[in-house]
Amino acid sequence: MVNSVYAGLPTTIFEVMSGLARDTGAINLGQGFPDTPGPEALRRKAAELVVDGWNQYPPMRGVPELRQAAAGHYRRFQGLDLDWETEVTVTSGATEALAASFLALIEPGDEVVLFQPLYDAYAPLIRRAGGVARLVRLTPPDWRIGREALAAAFTPRTRLVVFNNPLNPAGVVFPHEDLALLAEFCVVHDAIAICDEVWEQVVFDGRRHVPLMALPGMRERTVKIGSAGKMFALTGWKVGFVCAAPELTAAVAKAHQFLTFTTPPNLQAAVAWGLGNCDDWFEAMPRDLQRSRDRLAAGLRSEGFAVLDSGGTYFLNIDLAASGVDADDRTFCLRAVKEAGVAAIPVSTFYETDPVTSVVRLCFAKVDATLDAGVERLARARKLF
Ligand code: PMP
Ligand code: GLN
């Protein structure tokens, strides 16, 4: 009756855990969203634009001021030289950008290299587009990319590689060496890189995001995806960007035109305003999140949890085995939400094969009181085992 890709697919773990948190009244450190309302000036601008701005269909590739603002932002922050007219498309969030990219660039039977742990939308979208997943398994505590693993995954049939940096759920910002290695394989195999860089502004400890597109040989073969929801801590604003060379952009835009055609014009205009007027936000947001990361990590360590490093994203991970907790991640998370009042995400969900089963992801984009209560409840959860 239904398509085989979807027939056996579970509901996404983010929805499952947020649903359980809602039902049980648990503190939600699962799904990645801040519990603060987001930048007020930007929300007021959006409200003004709903009332006084354009509310009919905008141009299919996005309103010009947002495409210009995105190109300008990436020039200033990442040194990229993008032509806003031929190389930038606005989508309804990064999720639509991913779907459009896969639909536009995959021929049935094409191989797609993916890194596990992998964001849960990738594999079903790729299979539905006819792609064949070739999985590279990354493991804690470093989650590094190895030459041998790439050599085993890339073949003459490789069409795409999907690279999420910073990596959700691991919280890793890949070092330059790994980017260079991946670029080398893309060039040698004439593959296109779909770069999910939604966390590009959420990096800590003085890091600066380096887009794979900036590496030698990658400018013409990279599709760079961003998300205003992540840039401005407004995750429900599904406004995304796709940046790619004109030929790739043209193909992705053709898929986009029959997925959503456009994205609400008032939100697009608000994001354009934000990109031009919020430089102080791009300083303050990662600084505040870094402080929250450190607060959660310190609290967890004081309760005996082994905390893995987080260089970016809203997430840090704990290793249950190294914390002396005798449970797999899924059992721990289900009992934690039901019996200790705290929701978290089992990282094994992000593996298609041979899962790492002792790592649990926690979202620290929360106010101090939520983080402190979360630590106390996780300590309670620990005692269940
Ligand atoms: N990719 C990754 C790695 C994500 O973490 C997320 C959401 N957190 C998305 C894509 C989806 O972004 P959007 O909400 O803009 O669709
Ligand atoms: N990306 C968010 C996370 O990792 C979830 C987004 C979603 O629920 N689709 O938590």
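As the structure lists them, so they are numbered: ligands from 1, and atoms in each ligand from 1. Given the structure is predicted, the values throughout are model-derived calculations rather than measurements. Nothing fancy with the numbering, it's 1 onward along the sequence.
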Problem - Step-by-step side chain to side chain donor-acceptor pair (under 3.5 Å) determination, Asn28 to Arg22 - result: CA-CA 8 Å; Asn28 192 352; Arg22 281 191 294 268; over 6 Å; no

Completion exercise
for atom 16 (O) of ligand 1, nearest protein heavy atom and its distance come out as Thr95 OG1, 2.6 Å

Problem - Centroid-centroid under 6.0 Å between His73 and Phe282 rings - result: yes

Practice task
Give a yes/no on ligand 1: does Glu96 have at least one heavy atom closer than 4.0 angstrom to it?
Solution key: no

Practice task
Check the hydrophobic clustering (I, L, V, M, F, W, Y; side-chain heavy atoms under 4.5 Å; chains of links allowed) and say if Ile126 and Phe350 are grouped together.
Solution key: yes

Completion exercise
The complete set of side-chain hydrogen bond (donor to acceptor under 3.5 Å, both in side chains) pairs with one or both residues in residues 31-51, sequence neighbours excluded, reads Ser18-Gln31, Asp35-Thr370, Glu40-Arg44, Lys45-Glu48

Kindly list each side-chain donor-acceptor pair under 3.5 angstrom involving residues 269-276, sequence neighbours excluded, with atom names and distances?
none

Handout entry: Plane angle bin for Phe102 and Tyr122 - parallel if under 30°, tilted between 30 and 60°, otherwise perpendicular
Key = perpendicular

Handout entry: salt bridge (Lys or Arg N to Asp or Glu O under 4.0 Å), paired with Glu87, selected from Arg75, Lys224, Arg219
Key = Arg219

Exercise for the section: Flag this pair as yes if the NZ/CZ of Arg382 is under 6.0 angstrom from the six-membered ring centre of Phe305 and inside a 45 degree cone about the axis; otherwise no. Expected result: yes

Handout entry: Residues in the immediate environment of ligand 2 (any heavy atom closer than 4.0 angstrom)
Key = Phe14, Gln31, Gly32, Tyr119, Asn168, Phe315, Arg361

Exercise for the section: Would you check whether Val239 has a nitrogen or oxygen atom less than 3.5 angstrom from a nitrogen or oxygen atom of ligand 1? Expected result: no

Practice task
Starting from atom 5 (O) of ligand 1, find the nearest protein heavy-atom neighbour and note its residue, name and distance.
Solution key: Asn168 ND2, 2.8 Å

Problem - Protein heavy-atom partner closest to atom 12 (O) of ligand 1 - residue, atom, separation in Å - result: Ala94 CB, 3.5 Å

Practice task
Kindly assign one of parallel, tilted or perpendicular to the pair Trp199 and Tyr314, based on the angle between their ring planes and the thresholds 30° and 60°.
Solution key: perpendicular

Problem - Distance filter under 4.0 Å to Asn164 heavy atoms, resulting ligand 1 atoms - result: 3 (C)

Problem - Contacting atoms of ligand 1, where contact means under 4.0 angstrom from a heavy atom of Ser227 - result: 13 (P), 15 (O)

Handout entry: For atom 2 (C) of ligand 1, closest protein heavy-atom neighbour
Key = Asp196 OD2, 3.3 Å

Practice task
May I ask you to establish whether Arg293 and Phe364 are in a cation-pi arrangement, using a distance under 6.0 Å from NZ or CZ to the six-membered ring centre and at most 45° from the ring axis?
Solution key: no

Handout entry: Lys230: numbered ligand 1 atoms lying under 4.0 Å from its heavy atoms
Key = 6 (C), 7 (C), 8 (N), 12 (O), 14 (O)

Handout entry: Under 4.0 Å to a heavy atom of Trp199 - the qualifying atoms of ligand 1, by number
Key = 3 (C), 4 (C), 5 (O), 8 (N)

Practice task
Measure the acute angle between the ring planes of Phe115 and Phe163, then classify it against the limits of 30° and 60° as parallel, tilted or perpendicular.
Solution key: perpendicular

Practice task
Would you mind running through ligand 1 and noting each atom that sits below 4.0 Å from a heavy atom of Lys238?
Solution key: 13 (P), 14 (O), 16 (O)

Taking distance alone, no hydrogens or angles, what donor-acceptor pairs closer than 3.5 Å link side-chain atoms of residues 56-65 to residues at least two apart or in another chain?
none

Completion exercise
ligand 1 to Gly93, heavy atom cutoff 4.0 Å, flagged ligand atoms 15 (O), 16 (O)

